[in-house]
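In what follows, chains are A, B, ... by sequence order, proteins preceding strands, each numbered from 1.
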Amino acid sequence: MNNENIRDFIRERVSRDIREERISGGVVTRFPPEPNGYLHIGHAKSICLNFGIAEEFGGITYLRFDDTNPLSESASFVEAIQTDVKWLGFDWESRLTFASDYFPQLYEFAEELIKRDGAFVCDLSFEELQQSRGTLVKPGIDSPYRNRSIEENLDLFRRMRAGEFITGSKTLRAKIDMRAPNINMRDPVLYRIIHAPHHRTESNWCIYPMYDFTHCICDALEGITHSLCTLEFADHRPLYDWVLENININFHPPQIEFSRLGLEYNVMSKRVLSQLVESRYVTGWDDPRMPTLSGLRKRGVPPAAIRDFCNRIGITKQNNYIETELLDFCVRNTLENTTRRAMAVKRPLEVEITNFEGDDVGLPAPWHPKNLELGERTLTFGRTIYIDRDDFALDPPPKFKRLVQGGIVRLRYAFIIECLDVEKDEQGTVSKVFAKYYPTSRSGADTSGLKPKGVIQFVASNNAHSVEMHDYDRLFSVPTPHRERFDEELNPLSHVVHHGFVEKAVIAVSDSHSFQFERVGFYYRDLHKSSDEGQVVFHRTVPLNQGWKPKV
RNA sequence: UGGGGUGUGGCCAAGCGGUAAGGCAACGGGCUUUGAACCCGUCAUUCGCAGGUUCGAAUCCUGCCACCCCAGCCA
């Protein structure tokens with residue numbers, strides 16, 4: 001432990017609690033997802049915080065599923081969430097728990113609360129409860145069932161559990177204060193009747209505890225020393241404390257809130273994300289455009305980049321919208337030194353080298369210009385090659401350093417070529433370029449004396465493997481999409497497919513799926529899916545920084 | 001007209017009474033067979049606003065303003 005650990009107000013608090021011996025054992029945290037959706041990068045912030053603090057201070061972390069609502073939860077989400085947490089790089093070891101594991105104990109605490117006259121069974125309907133709760137500025141009114149005897153409450157609650165009443169007909173409510181300015185303290189519901197099977201407890205229960213009753217008790221039972229949650233739960237803290245103070249339990253974790261992550265051009269709302277999935281706007285929770293961990297993974301974002309991102313954004317109580325540039329930076333930064341470079345053309349333009357005769361020549365090229373440990377592969381150069389359409393211009397903008405008519409350009413790791421002529425189609429767009437190459441300009445042995453302004457990538461036709469390059473852009477076209485009209489704010493160009501070529505050596509690589517296609521971007525090969533035509537599919541992880549922008 | 005939270009450069013974020021860290025972005029320049037990466041440099045006389053306390057305030061006090069969250073038998 002050292003000062004490096006104290007990077008935010010929560011770590012500051014943890015550090016102080018340790019120093020002042022406020023906690024006996026070590027630090028204990030937990031990450032408590034509800035298994036009703038997939039994890040997104042906002043969850044990653046919380047995961048990195050909870051697991052990170054335990055790691056830094058020599059503590060432990062539980063992965064606890066908050067599964068108290070059988071109507072929206074399922075085992076498949078439980079699976080997916082575990083996969084994502086592991087992938088992110090964290091290990092809960094043996095500490096995998098479920099709120100549903102504690103149902104029996106929770107039930108006992110509920111009975112205890114009734115016996116202490118701290119809770120009552122209420123027969124108010126949903127609408128009646130809503131009416132009597134009051135409003136933000138108007139106090140609520142007591143339930144007519146509030147004064148039932150302890151014996152009657154106990155009897156009723158036991159019968160609720162026994163299944164004597166239909167779904168929604170009764171609730172167990174805390175007896176606090178209907179006039180409390182904090183609405184959460186207005187005799188909140190603790191248990192409700194739901195006759196529905198639960199993904200773990202099946203049909204053993206027909207009453208289910210609410211979050212506010214469950215979370216604090218589970219935290220206490222697990223000895224959580226710092227219960228970290230997002231800001232919207234701050235209003236629930238008095239209730240969290242109330243429950244623990246009104247039952248006989250010997251541990252009382254402090255709840256500490258921090259602000260959730262906002263990412264520009266994205267939305268973290270589970271509701272909106274699942275709607276995108278259900279409407280088939282995206283291909284699934286793991287669509288590469290989604291801010292989900294599975295989506296980021298499919299796009300080729302390494303977990304280390306997400307961890308780095310989470311470390312850079314900080315932990316505060318301020319509302320925040322992080323620019324996507326920071327995430328992109330983290331991704332490029334972690335990929336930069338370890339990812340193979342290769343050549344690919346996204347929008348191929350055929351070039352015939354008119355003075356080239358005979359077989360293609362092989363040209364060695366390192367997989368990475370600086371990290372030579374990655375070795376090298378052999379490129380090929382021959383009479384027919386492809387360059388990217390963007391690298392040729394009939395009418396070049398100022399400062400254009402690529403190929404123009406009558407101009408020269410270097411083909412990376414190969415030769416300098418000079419454009420002699422072009423062929424156009426009916427629409428007048430260039431369909432083919434004729435060029436000559438300078439045999440003495442071979443990379444590494446250049447005696448031509450030529451000094452081209454630019455270098456471009458190419459793929460020789462004999463060395464070209466055709467692929468689909470899936471380019472992704474921001475999911476939304478506005479930085480802070482509105483939850484209600486999110487469908488109008490989707491970016492129609494968030495997914496564009498290019499049919500291009502990559503050098504064959506790329507296809508043979510098996511120990512890594514990430515590549516940087518030089519001057520284009522980082523791409524990630526999808527090994528699970530090929531296109532409809534059976535082609536190899538690459539997802540663009542992130543584009544390269546553009547150091548020069550042509551005026552559009 | 002209730003309760004809770006927050007206001008430091010474009011976006012994050014340090015700062016905890018002693019005279020505004022850092023990162024991302026941006027902008028200049030260097031280097032370059034990736035217009036990438038890398039390297040240099042520039043970028044808040046000012047901390048939501050107004051008063052006050054103090055030798056001294058982003059930090060303390062008072063008032064005001066703005067934004068976010070809360071009225072699920074969701075979490």
Side-chain angles (χ1 to χ4, degrees), chain A residues 7-8 12 32-34 36 66-69 71-73 99 122 124-126 129-130 133-140 167-173 180-186 188-194 207-208 210-212 214-215 229-238 257 259 262 264 270-271 309 311-330 332-333 336-337 341 343 365 369-370 399-402 409-414 416 441 443-444 446 452-457 479 516-522 543-550:
Chain A
R7 304 196 307 260
D8 53 68
E12 205 166 277
E34 185 190 11
N36 70 342
D66 224 326
D67 55 349
T68 57
N69 185 357
L71 265 20
S72 55
E73 298 153 4
C122 182
L124 251 29
S125 70
F126 189 93
L129 209 190
Q130 199 168 283
R133 185 157 28 227
T135 70
L136 295 178
V137 295
K138 202 172 64 201
T167 294
S169 58
K170 281 180 169 44
T171 57
L172 180 73
R173 293 223 269 155
N182 179 345
I183 291 182
N184 294 300
M185 298 300 270
R186 316 237 261 231
V189 171
L190 266 21
Y191 264 89
R192 74 286 214 189
I193 302 171
I194 303 175
I207 57 172
Y208 291 91
M210 297 287 289
Y211 165 85
D212 287 304
T214 309
H215 207 90
C229 64
T230 44
L231 238 33
E232 63 271 27
F233 289 99
D235 289 340
H236 293 246
R237 194 175 54 225
E257 310 88 12
S259 54
E264 284 191 345
K270 253 188 229 177
R271 203 203 93 233
F309 174 75
N311 282 332
R312 286 171 187 267
I313 57 179
I315 299 291
T316 67
K317 293 169 94 103
Q318 266 144 261
N319 291 335
N320 60 85
Y321 258 102
I322 310 292
E323 295 176 327
T324 55
E325 283 82 351
L326 180 60
L327 213 209
D328 289 350
F329 167 82
C330 293
R332 292 190 196 103
N333 206 226
E336 173 62 26
N337 298 317
R341 306 299 142 107
M343 299 214 259
K370 292 196 189 107
K399 305 244 180 85
F400 191 74
K401 303 200 326 197
R402 287 107 98 151
V409 76
R410 158 136 249 138
L411 296 178
R412 173 136 242 234
Y413 294 132
I416 293 168
S441 67
S443 247
D446 185 357
K453 278 184 293 180
V455 181
I456 63 174
Q457 82 278 16
Q516 184 202 95
F517 294 142
E518 295 201 33
R519 307 205 312 129
V520 182
F522 286 96
L544 255 33
N545 268 327
Q546 289 298 305
W548 174 81
K549 298 113 185 164

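- Distances shown here put a side-chain N or O of Q318(A) below 4.0 Å from the OP1 or OP2 atom of A13(B).
- Both N337(A) and R519(A) lie close to RNA chain B; mapped to their nearest nucleotides by heavy-atom distance, the more 5′-ward contact belongs to R519(A).
- The partner of A44(B) is absent, by the rule that a Watson-Crick or G-U pair needs both atom distances under 3.5 Å.
- When the side-chain nitrogen and oxygen atoms of T316(A) are compared with OP1 and OP2 of A13(B), one or more of them lie within a distance under 4.0 Å.
- Within the structure, a side-chain polar atom (N or O) of R133(A) is placed less than 4.0 Å from OP1 or OP2 of G72(B).
- Proximity note for L544(A) (side chain, C-beta onward) versus C68(B), U1(B), A36(B): the nearest is A36(B).
- Closest approach to the R402(A) side chain among G4(B), A75(B), G35(B) is made by G35(B) (side chain taken as heavy atoms from C-beta onward).
- For G454(A) and I313(A), each mapped to the nucleotide of RNA chain B holding its nearest heavy atom, the one lying further toward the 5' end belongs to I313(A).
- Between K370(A) atom NZ and C39(B) atom P the separation is 9 Å, expressed in whole Å.
- Without hydrogens or angle criteria, D66(A) side chain to P33(A) main chain gives no donor-acceptor distance under 3.5 Å.
- The closest side-chain donor-acceptor pair between R519(A) and Q457(A) falls under 3.5 angstrom.
- Per the geometry, OH belonging to Y321(A) stands 11 Å off P belonging to C68(B), to the nearest Å.
- Counting only heavy atoms from C-beta on, T171(A) has its side chain closest to C73(B) among C73(B), U34(B), U33(B).
- Each of U33(B), C24(B), C73(B) was ranked by its minimum atom distance to the side chain of L129(A); first place goes to C73(B).
- Among the protein residues, K270(A) comes within range of no part of the nucleic acid, since none of its heavy atoms lies under 4.0 Å from any strand.
- Residue R192(A) places at least one side-chain N or O under 4.0 Å from the OP1 or OP2 atom of C74(B).
- Contact check, R312(A) against C12(B): no side-chain N or O comes under 4.0 Å of OP1 or OP2.
- At the phosphate of C70(B), neither OP1 nor OP2 sits under 4.0 Å from any side-chain N or O atom of N182(A).
- For G72(B), the OP1/OP2 oxygens have a side-chain nitrogen or oxygen of Q130(A) closer than 4.0 Å.
- Look at T68(A) and you'll find a side-chain N or O under 4.0 angstrom from OP1 or OP2 of A75(B).
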